[in-house]
Structures are given as structure tokens and as C-alpha cells.
S.K.: 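This structure is in C-alpha cells; I'll ask about it shortly.
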Amino acid sequence: LAAKSSDSVGNGKESGSNPRECAGHRAADGSLNGKPGSRDGDTGPADASGSHGSGLNNGERQTGWLLDKGREELPYISAGMVKVDGDGSVPLLSLGYMCADGWQRPHFNPSGIQVRTREFQHSPVSFIVDPRGGPGTADHVDIMGNHDLINDVLRVASGEELEDRIYSDIRSIAARVPLPSSFN
């Protein structure tokens, strides 16, 4: 792996599968993801210290998860579950970091491919009408039936350039991710 894009070799079979060493296509890339309104995504139980991972149980180190259902630190911890913004399954940082920040950097995008981020508000219909949420859902997998998302995919396929549409705080969250200075 080239340490920086100017070190790239870009020749033949040796670098063809390494995006840091070959320029790649010039087509736009992007992230299309849901941004539910007030519903947070669960990322997992908090251990006794408030972090994820192993914890202590009666003074002994416990592997796996320790769920303290009585722990309430609203709005971030409810019934022992750490809550974060996301699409109901995937945290916002995982959904949008690379498009909002990572692929904007020459280190990760040496070809300078245009990257757009488009978020969709979660506007489901009644569960009685459509258990999957209907044409305005932005939940994890159900977003594939979102009419606005389908419209955006068709617009991009027909050659139209889209602008960023961001409802979340992904840019400020991404700015707090520590990266080595060589990644700028």
C-alpha cells in the first residue's frame, strides 16, 4: 500500500486491485442513507464502566457483554443500551463517515472522484398500511423501497449530478475522528 498517493506505482497486475495505486474511474460516487427523525439506533449494551465490550461481574473480568438493564442515563443509555443516531440498525458514523470526510481526502480518493452524500428523512406510513414503512421509509434495509432514493438512483444513472443533502450532524461527527496528519 502506498503511504501517499504520490508514491503510487499504477502499473499492471501488481496495482490493479489497489485503489491507492491506480487511478480508477472518474464517475461520481456517493452515499445514499436514511436519517430517521427522532429514532436512534441501538449499538449494543454498555458494560459496568459505561463503555462497550467486556466488563466486571462480582469483581471478575467478564468476556462478552454485561447488560445492566437498570442503567438509565437518558438520552444516551436506556435500559443498559447505548443509543446513537443512525438508521435503526447501523450507527450514523458507519453510514456516512467515508462520504462526508474520508473520500473527500486525497489519501483515500487519489483520483479526486466527486463524492456526494444524500440523506433521506424517515417518514413511514402506518404499520397497518405497509409493514415495511412505505415509500418514505429510511429504515436500514427498507430504504431500498424509498421513492426519493429510487428517483435519485435514476437521476444519477441518467447522468444528472446531485448535490449533498445532509440532515444529520455527520460532518461535525466526522471532524472528530482522529486521523494521522499524513491522511490529509
S.K.: In Å, rounded to the nearest 0.5 Å, how long is the span from OH of Y167 to NE2 of H122?
M.R.: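 Atom-to-atom, Y167:OH and H122:NE2 are 14.0 Å apart.
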S.K.: Would you say the side-chain atoms of S158 pair up with the backbone N or O of L154, donor to acceptor, closer than 3.5 Å?
M.R.: yes
S.K.: Should V141 and I143 be counted in the same cluster of Ile, Leu, Val, Met, Phe, Trp and Tyr side chains packed under 4.5 Å apart?
M.R.: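 Each belongs to a different hydrophobic cluster.
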S.K.: Taking all heavy atoms of V125 and all of D130, pick out the closest pair and write down the distance.
M.R.: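 Closest approach of V125 to D130: CG2-CB, 3.7 Å.
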S.K.: With sequence neighbours left out, what residues match R155 under side-chain hydrogen bond (donor to acceptor under 3.5 Å, both in side chains)?
M.R.: D152, E160
S.K.: If a pair satisfies salt bridge (charged side-chain N to carboxylate O under 4.0 Å, His left out) and one of its residues is in residues 171-184, list it, with sequence neighbours excluded.
M.R.: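 Matches after skipping sequence neighbours: D164-R171.
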S.K.: Go through the steps for V115 and N109 under the test side chain to side chain contact (heavy atoms under 4.5 Å, CB included), then give the verdict.
M.R.: CA-CA 9 Å; V115 177; N109 184 1; 3.9 Å; yes
S.K.: Could you grab the distance from atom OG of S181 to atom NE2 of H107, nearest 0.5 Å is fine?
M.R.: 11.0 Å
S.K.: How would you list all residue pairs meeting salt bridge (charged side-chain N to carboxylate O under 4.0 Å, His left out) that involve residues 120-129, not counting sequence neighbours?
M.R.: none
S.K.: If you measure from CG on L179 to CG on D101, what distance do you get to the nearest 0.5 Å?
M.R.: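 Here the interatomic distance stands at 6.5 Å.
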S.K.: Just checking, R165 and F120: is the charged tip under 6.0 Å from the six-membered ring centre and within 45° of the axis?
M.R.: yes
S.K.: Rounded to the nearest 0.5 Å, how far apart are CZ of R105 and CZ of F183?
M.R.: 9.5 Å
S.K.: Of the non-hydrogen atoms in A100 and T117, which two are nearest, and what is the gap between them?
M.R.: N-OG1, 3.8 Å
S.K.: Under the side chain to side chain contact (heavy atoms under 4.5 Å, CB included) rule, what do I170 and E119 come out as? Steps first, then yes or no, please.
M.R.: CA-CA 10 Å; I170 187 58; E119 293 180 339; 4.0 Å; yes
S.K.: Distance from T137 atom OG1 to D142 atom CG, nearest 0.5 Å?
M.R.: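 CG of D142 is found 5.0 Å from OG1 of T137.
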S.K.: Does N146 reach the main-chain N or O of L149 with its side chain, forming a donor-acceptor pair under 3.5 Å?
M.R.: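 Pair found, side chain donor or acceptor close to backbone of L149.
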